[in-house]
Amino acid sequence: MSLDALTDLEKQALAELAACADEAALRAWNTKYFGDKGLMKAALSKIGTIPKEQRAAYGQEANRVKVALTTASEAKQAQVKEAALAASLSANPLDVTLPGRPRPRGRLHPATQILRQVYAIFADMGFQVYRTREVETEQYNFEYLNMPEHHPARDMWDTFFTTTPGVVLRTHTSPGQIHVMRESAPNPVRVILPGMCYRYEAITPRSEIQFYQVEGLAIGEGITMADLKGTITAFAHRMFGPDRKVRIRSSYFPFTEPSIEVDIDWPKDDPNRDRLTKGTGWLEIMGAGMVHPTVLRHGGYDPDQVTGFAFGMGPQRMLMLQHAIDDIRLFWQNDLRFLRQF
Ligand code: DAH
């Protein structure tokens with residue numbers, strides 16, 4: 001290849017470059033001259049084959065052409081980019097004076113709202129919020145709560161077992177009692193323990209496989225059933241208004257003795273009343289009782305020194321009562337028509 005050929009190559013390349021109208025054409029040009037089998041590449045690799053006396057001149061010229069083409073193509077590239085931007089701006093004109101689009105403001109999920117109401121009421125009564133784990137061992141979920149292995153009372157809680165033996169999704173917030181006690185003994189305790197629980201149950205308008213509970217626990221010297229009744233009644237009147245009726249029934253839980261259940265009356269004018277309350281007019285909102293001595297012992301307390309009460313309530317049930325919501329499944333269906341009402 002001669003020096004003339006190099007000059008021709010430069011001319012031809014520059015002319016073709018000038019004709020490139022878009023980035024695709026530029027890429028093709030680049031491949032043609034600077035690709036692995038490109039013409040410029042070929043010209044450069046020939047330097048070694050040029051007779052000695054012309055080699056220096058050829059080499060210099062080849063390098064000059066290479067630099068000239070590179071510079072020209074970079075300039076062209078910038079020019080093409082700018083033209084593309086200008087074209088897209090004039091095709092989609094931007095009016096910076098338009099008012100911004102309003103951002104839809106979210107809201108708290110009704111379950112979160114009711115939980116916060118519960119926290120506020122108990123905070124006024126001196127209860128602290130304490131959180132514990134959702135994945136528990138069978139020991140915490142059952143055994144320390146006075147339900148040894150094979151105890152038939154375990155059947156009261158249809159359980160999700162994990163693939164790790166002895167590890168379950170907690171069926172209630174009650175195992176949190178043991179965690180709090182073990183951290184606090186021998187000091188007095190006044191806490192609520194909110195959180196998600198899981199049960200392997202049929203999903204119906206009244207029960208879900210996952211739901212919130214709020215556990216309560218008070219331990220100290222001389223705490224009696226009267227304190228429990230007073231606390232629950234004060235809570236129910238703050239939550240539902242002073243006119244709502246609270247009904248206390250005796251019941252059974254392995255971790256309390258004596259045990260009770262608490263019901264709230266369902267609004268009389270609600271046509272769904274019978275269906276939701278199974279014809280009784282009452283909806284259960286919590287189980288409760290005096291902490292069983294065995295449970296106190298598992299928590300590190302001496303049942304001869306202290307007593308305590310505990311309760312476990314379903315805050316979603318309470319929301320249903322407040323608004324006469326007739327289907328608990330609405331909570332986790334993410335239907336905005338439901339959620340926006342709160
Ligand atoms: N853990 C019980 C349940 O899920 C509710 C309960 C009953 C909690 C009595 C308590 C209690 O703390 O004292 O059904």
Side-chain angles (χ1 to χ4, degrees), residues 118 122 127-134 136 138-147 151-160 168-182 184 189-201 206-220 223-233 235-236 246-264 283-299 301 303 306-318 328:
V118 173
F122 279 107
F127 285 76
Q128 286 183 304
V129 175
Y130 189 98
R131 286 175 195 283
T132 61
R133 60 204 71 172
E134 291 178 20
E136 280 288 4
E138 286 189 67
Q139 275 180 317
Y140 275 88
N141 199 78
F142 295 116
E143 187 149 344
Y144 296 146
L145 294 170
N146 200 24
M147 284 174 275
H151 192 291
R154 289 193 182 194
D155 291 348
M156 288 164 71
W157 291 271
D158 296 306
T159 308
F160 282 112
V168 302
L169 300 189
R170 69 174 171 195
T171 57
H172 49 178
T173 41
S174 302
Q177 290 187 26
I178 304 290
H179 290 292
V180 180
M181 287 193 232
R182 292 188 167 191
S184 315
V189 166
R190 211 186 282 181
V191 292
I192 53 171
L193 304 111
M196 196 62 90
C197 304
Y198 304 87
R199 286 199 201 158
Y200 185 56
E201 277 184 357
R206 302 172 92 245
S207 63
E208 258 280 15
I209 57 169
Q210 78 170 76
F211 54 93
Y212 279 115
Q213 275 194 347
V214 179
E215 191 83 10
L217 180 68
I219 295 176
I223 292 186
T224 69
M225 191 82 177
D227 297 310
L228 172 59
K229 286 174 77 174
T231 306
I232 290 173
T233 308
F235 166 76
V246 178
R247 182 171 79 165
I248 290 176
R249 286 177 288 122
S250 79
S251 182
Y252 168 74
F253 297 101
F255 31 90
T256 41
E257 180 58 38
S259 304
I260 60 170
E261 271 172 293
V262 180
D263 301 336
I264 296 280
L283 193 76
E284 180 202 328
I285 57 159
M286 68 173 90
M290 300 304 291
V291 182
H292 196 285
T294 301
V295 176
L296 284 172
R297 248 181 247 116
H298 282 308
Y301 287 92
V306 296
T307 50
F309 67 72
F311 56 82
M313 62 174 91
Q316 291 167 253
R317 279 265 173 95
M318 296 191 277
I328 200 166

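Throughout, numbering of the chain's residues begins at 1 and tracks the sequence. Counting starts at 1 for both ligands and their atoms, in listed order.
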Exercise. Distance only, no hydrogens: is a donor on one side chain within 3.5 Å (strictly under) of an acceptor on the other, for Arg170 and Thr132?
Worked result: yes
Exercise. Looking at residues at least two apart in the chain, or sitting in another chain, which of them share a side-chain contact (heavy atoms from CB on, under 4.5 Å) with Thr256?
Worked result: Phe253, Ser259
Seminar exercise, completed: Residues passing the side-chain contact (heavy atoms from CB on, under 4.5 Å) test with Glu257, sequence neighbours excluded, are His292
Problem set entry | Residues which pass side chain to side chain donor-acceptor pair (under 3.5 Å) with Arg133, listed by chain and number, not counting sequence neighbours | none
Exercise. For the ring pair His179 and Tyr140, is the centre-to-centre distance below 6.0 Å?
Worked result: yes
Problem set entry | Every residue of the protein that comes under 4.0 Å of ligand 1, judged on heavy atoms | Trp157, His172, Ser174, Gln177, Arg199, Gln213, Glu215, Phe253, Phe255, Thr256, Gly287, Ala288, Gly289, Ala310, Phe311, Gly312
Problem set entry | Test side-chain contact (heavy atoms from CB on, under 4.5 Å) applied to Ile178 and Leu145, step by step | CA-CA 8 Å; Ile178 304 290; Leu145 294 170; 4.1 Å; yes
